[in-house]
Amino acid sequence: MARVASGIYFYAVLFYIILRKGASENDTKEPGVTARGDIIIGGLFTIHQGVEKNDSSFAPLPHRCIRLSVRGLSRSLAMINAIETLNKSPLLMGLNITLGYRIQDSCTDISTGLRGTADFIEQAKCVTEHAASTCGPPLVAILGASFSEMSIVIARQLALDMIPQISYSSTAVILSDKERFPSFLRTVPNDEYQTAAMARLIELHGWNWVGIVISDGDYGRSALEHFATQASENGICIAFKCILPHSVTGEDLELAVTKTAKTILQNPKVQAIVSFSKSVHMAAIYKELRNEVQRKGQSVESMRRVWLASDSWSTAGTVQGNLNLEDIGQVVGFNFRTGNMSSFNGYLDRLEATGYDSTWNNTFLEELYRQINESNTQPASEVVKTIKEQTNPAIVLSVELAVTATAQAIASLCKSRDCKTPGELQPWQVLEALRQHHFDFQGERYTFDHRGDINEGYDIAVWRSIDGKIDVHDIVAEYHPTSNSFTQTNGDFIVRFPDLQHIISKCSNSCMPGEFKKTSEGQHTCCYECINCTENYYSNDTDMDQCMRCDKKTEWSPQGSSTCFPKTLIYFKWQDRFAIVLLTLSALGILLVLMVSALFFHYRETPVVKAAGGPLSQVMLFSLVFSFISAVLFVGQPNSLQCKARQVLFGISFTVCVSCILVKSIKILLAFQLNIDMQGALQKVYHSYLIVLACVALQVIICIAWLVLKSPYKYLITLPKTLLEDCHEGSYVGFGVMLGYIALLAFICFICAFLGRKLPQRYNDAKFITFSMLLYLTSWLIFIPIYITTSGVYLPAVEMAIILISNYGIVCCHFLPKCYIILFKKAQNTISAFRKKLYEYNVKSTGSICVSGSSISEKNVSSHSPTSSPEDDFVKPSLEKLYSNRDSFKVSYRGKNNCLDRFSPHRRSMSM
C-alpha cells in the first residue's frame, strides 16, 4: 500500500511539473511573487541588477530585467517568511485575518520601480475609485525600496495618498525630513550616524588623510556631504573624492573606475578609504586596481588599503573577485544590527525540502533554480546554499522589523473594525498607527522616532579569510550613536581595533610633543611641517596646532619642549661654597673682635689701650661684632624681618664704629696740635661721647624714616629659568642716604687723620685711620655701580664681602697693631716710652719753628687742654712735663740747630 501511494505521489508531482513548464512557456505575466490574504502588503526589492534597454525604440515599454541578484531575492524571501510566520501567530489568528503580499522587482532601475509603485497605488485606491466587487484585497503598506535613490522617488508618489512606506535599507539622511516625505519610515538608522561612526573610527586610529568613493545618486551624495562635515569636525582631511556613475554598466562606468583606481594608486599616503558604493562598483574597482599595478609592474601589495565599507556593500564578500583578501587589504564593514536568524534559516530549510515546488508562486526563485539547474544535479540544495551565502542577517532583521511593525499596526486597528470589509482599513490609518504606537519583536520593544527612523546603531565587522573564503560577519564591536563610542562584543569599551593599529594614513608624519603643525597657505590642514616650540612654549600631545605658553612667573621650557619645568627657587644658600667662605670669615671676625676686646679689657690701664681710645675702643669692638652679625643676615632664604634687619643693623653698628674713629681723629689733632688757636677751636667741639651719640642718633633717625616710609621687603626676581628670592631695599633713596651718611663720616675721619699722619709712630693712629677709611670708601665706591647694574644670587654675597672688608680693615688697622705691641712689644707699652716718644716728636716739631711770646705755664697748658677723658691721663702729664721747666721764654727762628740748642739744657730732664 505504501508503494502504491508513493507511486501515485511521484506521478502527480511529475504531471504538475510538466503542466507548470508548459504554462510558463506561454505565460506573459509580469515577474513577481504574490500570495492572497485579507490585507495585502506590497514589497519592492532589487532582485535584478539592471535592465536591458532598447535605445532604438521610443515606446514607453517595460524593459527586461537582467542579472539576477541573489541578495535581493534573499530579502524578498525574508518578507515572505515574516508574513507567513505572523499569519500563524495568535496576533492575527485571534482577529481571523490574514496578510497577503505582492512583491515586485525594481531591477535597480528608476523607471521600473515607478511602474511597480504605480501598480501598488492603483491596488490601494481601487476600493475608492472602482466597484468594490472588482477590486482585490486592499494594499495598505509597501516595504522598500532597497536603495535610497529609489526610495526617494517612490516616497514622493506614495506621500500623495499617504500610503506608508517602510524601507529596510535606505539610509539617506534626506528621507528623515517629514515635511517632504511624511509617509516614509525605515527600520534602519540614517547615514548621519554611519558617517559619524566612520569619522569616529578614523579619529580613534589617528588617521587624518583619507579618500572617499561613492556611487552617484542621492545616497552617495548625501553620505559624502555628511561624512565631509563629520570629518572636518574631527580634524580629518579628504585627500580625494571619486564619484562613480549610478549605472552598473556602460562606458562611463569603465572610465570612472579606471580614473578611481589611478587616483588611489597615486596617493600612497592615503591608506584609509571610505566607500559608499554599490557592491558591483567595488568589484570593478578591485579588478581595475589589480590590472593597473600589473601594467606598471608593481606588486599587488601596493593596492592594499583599509576600506571602510558602508552598509551598501559591507556584507558583499564577492566583491573581491579572484583577488585574495591580503591583496585588497583590510575591510571594516558597517552594518545594521543583527538579530535571531533561526526563523529565516528554518524557512530556507523548508524550501530545500520542498525543492522546485516552492517556486510555484515565485518567478524569481524559479529563475534561480533554472540558473543552478544547468550545472548542478541537486538544484534545491545548491539554491538554498547560494541564498544563505548571500544573505545579510542585518537586512533580514530589518525586513522582519518592517513586516512586524506593519502587522501589529494593522492588528491594533482591526480590533475595533471589520478589516475584511472593503474600504474599512485605509493606508493613512495604518501610517498613523505606525507613527504613534510601539511594537514588540524578539523580546524587545521598538518605536519609530519623530523622524520615522529606528536607530539601533551598527555592528562593526572585520573581514576574515577562512580557507580561501571571506567571512564578512565577524562582528568585533558595536557602535552606539547616542554616546558616539564603540564597545567590544563582550561589552568592554574599545579605543582601537588591534588589526588596524599598524596602519598610518596621514599626509604628514605626526608632530611629536615639543612641536606644532605649520600649514602652508593653500594646503590641506592635514598637510604640514613640524616646527619646534620656542622657548617658554610647549606642546604635550601629538599634532598640536600651536604651542601653549608656560607661566613665565613660575615655569620655563627650552626650545622644543613637551612640558614646562618649574623654575628653581634660588637664593644665597648656606651650603654655597662662597657663602661658607664668607660665613667663616664672619665667624672668625667675631671671634677675633671678642679676643681683642678681652685683650684690651685686660690691658685697659696701659698707654696703648688708652691711646687706642680706652672705653671707646670697647664700643668700637662691640659695634664691629654687630656689623659682622649683619653680614651673616645676607645668607639664607630671606624673609621680611631679615630684609629690614640686615641693612639697619649694619648701618647703625658701623656708624657707631666710624663715630668712634671720628672722635679719635679729632682727639689726635687736638692733642698734638701746637697751634693754640686751633686747639681752642677743637676744645670747644670735642666731647667724645656726645659726638658718638649725636652721629649715631642721626643715623637712627635716617633708618627709622626709611623703615616707616618704604622699608625693605622680600621679593621674587623672575629670571629665565629660576626665581631669585632676594631682598628689595624698598626705598633706594633711604638706602643711599644711610650709606652716604656713613661715607660722610668716614670721609671726615679720613681728612682729620690725614692732617695728623706725621704723629709719633707708636701713637700714630692717624695713618691707620687714613688707610682704613680709604679702604672703606674705595670698597663701597666699587660696590655701588656693581649693585646698581647687576642682579643675581651672589649680589648679597658682594655686599656681604664689602661689609667684611670694611670690618676687617678697621680691625687690622686699628686694633691688630695695638695687640702686637701689647703682646710682643711690652717695653713700648709704658708711660716712659710714650713720654720719650712725645718728647722726641715735640723736639723734632720745633726744629724749624721757634716759640716766642708769653710764658707757657702749667696753668696755661691745663687751660688749653680739651675736656678730660681717660685716654688723656697720660697725654696731659707728658705735655706738662714738656713745658714745666720754663716759666717763660722766647723763641725766635734761628734755624734748627739754634732751636735745639735752646732746649738742650732740658733734654736730660725729658729723658724717660
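Because only heavy atoms are used, hydrogens play no part in the values below, and waters and symmetry mates are left out as well, while side chains stay in. Note that the coordinates shown come from a computational prediction; the quantities given were computed from them, not determined experimentally. Along the sequence shown, residues are numbered consecutively beginning with 1.
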- Task: Could you walk me through whether F45 and Y168 pass ring-ring contact (aromatic ring centres under 6.0 Å, His included), step by step?
- Result: CA-CA 10 Å; F45 294 88; Y168 44 82; 4.9 Å; yes

- Message: Does L434 form a side-chain contact (heavy atoms from CB on, under 4.5 Å) with I166? I'd like the steps, not just the answer.
- Response: CA-CA 10 Å; L434 285 168; I166 309 175; 3.8 Å; yes

- Before giving the answer on side-chain contact (heavy atoms from CB on, under 4.5 Å), spell out for L431 and L185 the whole-Å C-alpha distance, their side-chain angles and the decisive distance to 0.1 Å. CA-CA 9 Å; L431 175 62; L185 306 170; 4.2 Å; yes

- Intermediate values then yes/no, side-chain contact (heavy atoms from CB on, under 4.5 Å), L308 and F227: CA-CA 12 Å; L308 303 186; F227 178 77; 6.0 Å; no

- Message: Quick one, V331 with Q320, criterion side-chain contact (heavy atoms from CB on, under 4.5 Å). Give me CA distance, side-chain angles, the key distance, then yes/no.
- Response: CA-CA 11 Å; V331 180; Q320 67 169 345; over 6 Å; no

- Could you please spell out the steps behind the side-chain hydrogen bond (donor to acceptor under 3.5 Å, both in side chains) verdict for R186 and S176? CA-CA 9 Å; R186 55 184 162 196; S176 295; 2.6 Å; yes

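Put simply, the side chain of S74 never gets that close to the backbone of V70: no donor and acceptor are under 3.5 Å apart. Side-chain N or O atoms of T187 include none that pairs as donor or acceptor with a backbone N or O of V399 at under 3.5 Å. Side chain of N373 to main chain of Y369: no donor-acceptor pair is present (N/O by atom type, distance under 3.5 Å, no hydrogens or angles). Within the 3.5 Å criterion, the main-chain N or O of I264 finds a donor-acceptor partner in the side chain of R305. With S89 contributing its side chain and L86 its backbone, the two residues share a donor-acceptor pair below 3.5 Å. In this structure, S169 contributes its side chain and S146 its backbone to a donor-acceptor pair below 3.5 Å. At distances below 3.5 Å, not a single donor-acceptor pair connects side-chain atoms of S69 with backbone N or O atoms of I47. A donor-acceptor pair under 3.5 Å is formed between the side chain of S312 and the backbone N or O of S277. Proximity of a side-chain donor or acceptor of Q104 to a complementary backbone N or O of G113 within less than 3.5 Å is not detected. When atom types are taken as modelled, the side chain of T404 and the backbone of L401 share no donor-acceptor pair closer than 3.5 angstrom.
Here the side chains of L77 and V33 are not in contact, with every heavy-atom distance at 4.5 Å or above. Here the side chains of L397 and Q442 are in contact, with some heavy-atom distance below 4.5 Å. Proximity of L175 to N190: side-chain heavy atoms (C-beta onward) are nowhere separated by under 4.5 Å. Inter-residue side-chain proximity for Y219 and S310 is flagged as met; some heavy-atom pair is nearer than 4.5 Å. Contact check for Q194 versus D191: side-chain heavy atoms found under the 4.5 Å cut-off. Put simply, the side chain of L244 reaches to within 4.5 Å of the side chain of V257, judged on heavy atoms. The side-chain heavy atoms of N81 and S343, taken from C-beta on, include a pair separated by under 4.5 Å. Side-chain contact between T195 and F276: present, with at least one pair of heavy atoms (C-beta onward) separated by less than 4.5 Å.
The aromatic rings of F334 and Y458 stand perpendicular to each other, their planes meeting at an angle above 60°, with 30° marking the opposite boundary. Under the 30°/60° scheme for interplanar angles, the aromatic rings of Y446 and F441 are found to be tilted. Between W313 and Y286, the ring planes lie perpendicular to each other; the angle is over 60°, past the 30° to 60° tilted range. Using the six-membered ring where Trp is involved, F448 and F439 have ring planes that are tilted, between 30° and 60° apart.
Scanning all heavy atoms of the two residues, the minimum distance from D177 to R180 falls at OD2-NE, 2.9 Å. Residues A394 and N335 come closest through the heavy atom pair CB-ND2, 3.5 Å. Here the shortest heavy-atom pairing between R337 and G457 reads CG-O, 3.6 Å. The shortest non-hydrogen separation linking S151 to A145 is OG-N, 3.1 Å. In terms of heavy-atom proximity, A35 sits nearest to N361 at CB-ND2, 4.5 Å. Of all non-hydrogen atoms in H438 and Q408, the two that sit nearest each other are O-OE1, 4.4 Å.
Looking at T46, T315, T391 one by one, the single match for side-chain hydrogen bond (donor to acceptor under 3.5 Å, both in side chains) with R71 turns out to be T315. Among I163, V430, L99, the one residue that satisfies the side-chain contact (heavy atoms from CB on, under 4.5 Å) test with V140 is V430.
Here CD1 of I174 is found 5.0 Å from CD1 of I152. Values are rounded to the nearest 0.5 Å. Annotation: the span from H281 atom NE2 to I243 atom CD1 amounts to 12.5 Å, rounded to 0.5 Å. Annotation: the span from F184 atom CZ to I142 atom CD1 amounts to 12.0 Å, rounded to 0.5 Å. Here the CD1 atom belonging to I39 is positioned 8.0 Å from the CG atom belonging to L92, to the nearest 0.5 angstrom. Here D109 contributes atom CG and I66 contributes atom CD1; the two are 10.0 Å apart, rounded to the nearest 0.5 Å. The distance from the CD1 atom of I387 to the CZ atom of R75 is 14.0 Å, given to the nearest 0.5 Å.
Under the 4.0 Å criterion applied to side-chain N and carboxylate O atoms, E366 and R370 are assigned as salt-bridge partners.
No donor-acceptor contact under 3.5 angstrom links the side chains of N87 and E84, judged on distance only. Of the N and O atoms on the side chains of R36 and T98, not one donor lies less than 3.5 Å from an acceptor on the other residue. Of the N and O atoms on the side chains of D218 and S148, not one donor lies less than 3.5 Å from an acceptor on the other residue. D449 and N455 share no side-chain donor-acceptor pair at under 3.5 Å.
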Return a table of donor-acceptor pairs under 3.5 angstrom between the side chains of residues 346-355 and protein atoms on other chains or two or more places apart.
residue : atom : partner : partner atom : Å
D349    : OD1  : K388    : NZ           : 3.1
E352    : OE2  : S381    : OG           : 3.0
T354    : OG1  : R350    : O            : 2.8

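Under a cut-off of 6.0 angstrom, the local environment of NZ in K178 is crowded, with over 12 non-hydrogen atoms contributed by other residues, nucleotides or ligands.
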